[in-house]
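Working notes, structure below.
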Amino acid sequence: MKRVQLREVAHARSGEKGDTVNVSVIAYKEKDYAIIKEQVTIDAVRELYGPITNGNIQRYEAPNIGALNFVLEGALGGGRSRTLAFDESGKSLSSRVLTMPIEVTDDYVTRSEDMKSSHSGIKEAVVHSEKD
Amino acid sequence: MKKIKLGAATGWSRDRFGPAEDLVKHGNLDYLCFESMSEVTMSEAQVKKVDDPNTSGYDPYLVDRLGPILKECKEKGIKIISNQGWINPEGAAEKILEVAQSQGINNLKVAAVNGGILTDNITDLAFAFLEDGESISDYKDDIVSAEAYLGAEGIVDALKNEADVIVTTRVGDACLYLGPLAYEFDWDFDHYDAIAKGMVVGHLMECACQITGGYFSDPGYKHVPNPGELGHPIAEVSEDKIYITKLSNTGGVVSTETCKEQLLYEVQDPANYLCPDVVADFTKVSFLDAGKDRVEVICHEGVGRPKTGALKVLVGLKEGYLAEEMMLFAGPGARERSEVAKSILINRFEQISLRPKEMRWDYLGVNSVHREASSSLEETPYELILRVALKTESLHDAEKLRKEIDPMAVNGPSGTGKWGPMGNRVRPIIGLRSVLVPEEEAPTAVVYRE
């Protein structure tokens, strides 16, 4: 087994409703849903977001799209309209979950390796940033 | 088989302007929809109205958004559905007619969908806030606004009455899309799977480019071509198929990955997505790659269940004032000097009796974005910004912060940089809470101008 960051297995997006933040975790390959379902637990998410979550953390499953949805109550300092948080909408928060360590088999092909071999993504992104 | 094409012009009030014109020119659309609200939009409009009774009450971008496309939409038969009416959809409808007349557009029928404003009687209709169960009547004097999320019924009525442009107050965002679909396919609102299908389309489309590569790019992991010119999404819907796509000559990407991210965006329990017209089960949705920038949306049996009969109402409350300031540091000792600045200010707040209800300190570049959940950094970055934000009961107290920050330019530690923007960094807080009310308490009303 080897250990990689969650971002090698899944992507994520965060959004807000009142003082609640949701963070979706979506396996890049639907067969890897089993990996995230087993390892991206409420406890593991609490490790990462606990210090800013003043309420429950719920986990919901959406196996048809290979995804989990985490709901962090009280994570926005009162909600967008009244929070003192610099990121008032919590739109940055999805990147936190992507740092979670995940165990995969030694021959697991990570997302970044996949992109390098099958796609010119990295190269093009570099070209773009040079143009900027 | 009948196929309807809907385009998403905007995903929020301050979205880009170009995509609407592209969609009208090249999209071969039946409908163009503008989503223009965030949760706080209606409360802010209400407060502005109190301060200045002459304010329009609708989206100030109304004319800038619709003016350039109105004529072509009328000529091509593209119906416009927009929630830019905010607290004054009738005023917005009149303004749209005025624009039409100035452009020589004849026979334009504009519908204003109104209703749901419960500011004056919300304490009679609801007892407790959903968030914490506190009694709403305890906050009676602080309430500045209360508006229900209306369903799609008013939009359907307006289409039956052959409106060309429909401008609404607060309706459920996705209802901007559900309305035309329910009308075109003559869906009965008791046909839960069909109505939920319309909600799924609406939910995917309402944030516009967030399904075509916006809020998505992550170099080396998620690639977005030409992200400076994202095309906005088009939904192609027939009775048995749904596709999400975009114009081929635009930037961005539509993939099963962008669709999955948007399906769960701002969702809590995906099996129970509560909407004014239906309860949708997003776990019964899947996606199929259908070619370049084209994804099929599959809604399985059981995607819809009966609505709850209650409407969510957002209640805006006056909650004092917020003040925010920043000081800049860089180079050797930046961290230590910023800490000196912080301790000076804490000392000064004591001296002037500034006792905020709530206060937070951040180091931008270290821990301001993920706050207390940030990974600890072993090394201080080359530069950092000390930020302080606080809440007070009174405007007078909030303004004390500025009076302590400005002197730091000459009283602070060595190399204290001054934050450039010197505009108004004190603002009133309108806190939002929510309640449920029975739907019959918030009927929809449609009026026409032509």
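Source: prediction; values computed, not measured. Letters A, B, ... are given to chains in the order of the sequence lines, protein chains preceding strands, and every chain is numbered from 1. Just so it is clear, the values below take in all heavy atoms, side chains as well, and ignore hydrogens, waters and symmetry mates.
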Heavy-atom pairs under 4.5 Å with chain B are the metric here; pick the option from D19(A), T53(A), T99(A), L93(A) that has the most.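 The answer is L93(A).
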Counting heavy-atom pairs closer than 4.5 Å to chain B, which one of E47(A), E73(A), E8(A), E61(A) comes out on top?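 The option with the most such pairs is E8(A).
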Please check if the number of heavy atoms outside [X] that lie under 6.0 Å from its [atom1] is greater than 12.
{"X": "E103(A)", "atom1": "CD", "answer": "yes"}
{"X": "K48(B)", "atom1": "NZ", "answer": "no"}
{"X": "E372(B)", "atom1": "CD", "answer": "yes"}

Largest heavy-atom contact set with chain A, pairs under 4.5 Å, which of [options]:
{"options": "M359(B), E131(B), E319(B), E324(B)", "value": "E319(B)"}
{"options": "L390(B), T256(B), D362(B)", "value": "L390(B)"}
{"options": "K391(B), E266(B), R433(B)", "value": "E266(B)"}
{"options": "S434(B), A389(B), G320(B)", "value": "A389(B)"}

For the [atom1] atom of [X] and the [atom2] atom of [Y], what is their distance to the nearest 0.5 Å?
{"X": "Y60(A)", "Y": "Q268(B)", "atom1": "OH", "atom2": "CD", "value": "7.0 Å"}
{"X": "D269(B)", "Y": "R59(A)", "atom1": "CG", "atom2": "CZ", "value": "13.0 Å"}
{"X": "S286(B)", "Y": "E30(A)", "atom1": "OG", "atom2": "CD", "value": "8.0 Å"}

Measure [X] against the heavy atoms of chain A and call it side chain, backbone, both or neither at under 4.5 Å.
{"X": "R387(B)", "value": "side chain"}
{"X": "Q262(B)", "value": "both"}
{"X": "E261(B)", "value": "both"}
{"X": "I298(B)", "value": "neither"}
{"X": "V369(B)", "value": "both"}
{"X": "E44(B)", "value": "neither"}

Apply side-chain contact (heavy atoms from CB on, under 4.5 Å) to residues H370(B) and Y49(A) and explain how you reach the verdict. CA-CA 9 Å; H370(B) 288 172; Y49(A) 293 96; over 6 Å; no
Show the nearest heavy-atom pair for residues [X] and [Y], with the distance to one decimal.
{"X": "R371(B)", "Y": "G77(A)", "result": "NH1-N, 4.1 Å"}
{"X": "L48(A)", "Y": "A373(B)", "result": "O-CB, 3.2 Å"}
{"X": "N22(A)", "Y": "Y265(B)", "result": "OD1-C, 4.3 Å"}

Do L322(B) and L84(A) have side-chain heavy atoms sitting under 4.5 Å apart?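 Sidechains of L84(A) and L322(B): in contact.
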Side chain, backbone, both or neither: which part of [X] has a heavy atom under 4.5 Å from chain B?
{"X": "A75(A)", "value": "backbone"}
{"X": "L72(A)", "value": "neither"}
{"X": "Q58(A)", "value": "neither"}
{"X": "S89(A)", "value": "neither"}
{"X": "S14(A)", "value": "both"}
{"X": "E113(A)", "value": "neither"}
{"X": "R7(A)", "value": "both"}

Sidechain N-carboxylate O distance under 4.0 Å for E358(B), R82(A):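 Looking at E358(B) and R82(A), the cut-off is not met.
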N-O pairing of E257(B) and R111(A) below 4.0 Å: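 Here E257(B) pairs with R111(A) in a salt bridge, since their nearest N and O are under 4.0 Å apart.
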Taking it one step at a time, do R13(A) and K260(B) satisfy side-chain contact (heavy atoms from CB on, under 4.5 Å)? CA-CA 10 Å; R13(A) 175 172 291 195; K260(B) 289 173 186 177; over 6 Å; no
Would you find a donor on one side and an acceptor on the other, under 3.5 Å apart, between the side chain of [X] and the backbone of [Y]?
{"X": "H11(A)", "Y": "T258(B)", "result": "no"}
{"X": "Y215(B)", "Y": "K91(A)", "result": "yes"}
{"X": "S81(A)", "Y": "L432(B)", "result": "yes"}
{"X": "N69(A)", "Y": "V267(B)", "result": "yes"}

Are side-chain N/O atoms of R96(A) and S375(B) paired as donor and acceptor at under 3.5 Å? yes
Quick one: which of I26(A), N64(A), I65(A) gives a side-chain contact (heavy atoms from CB on, under 4.5 Å) with L263(B)? I65(A)
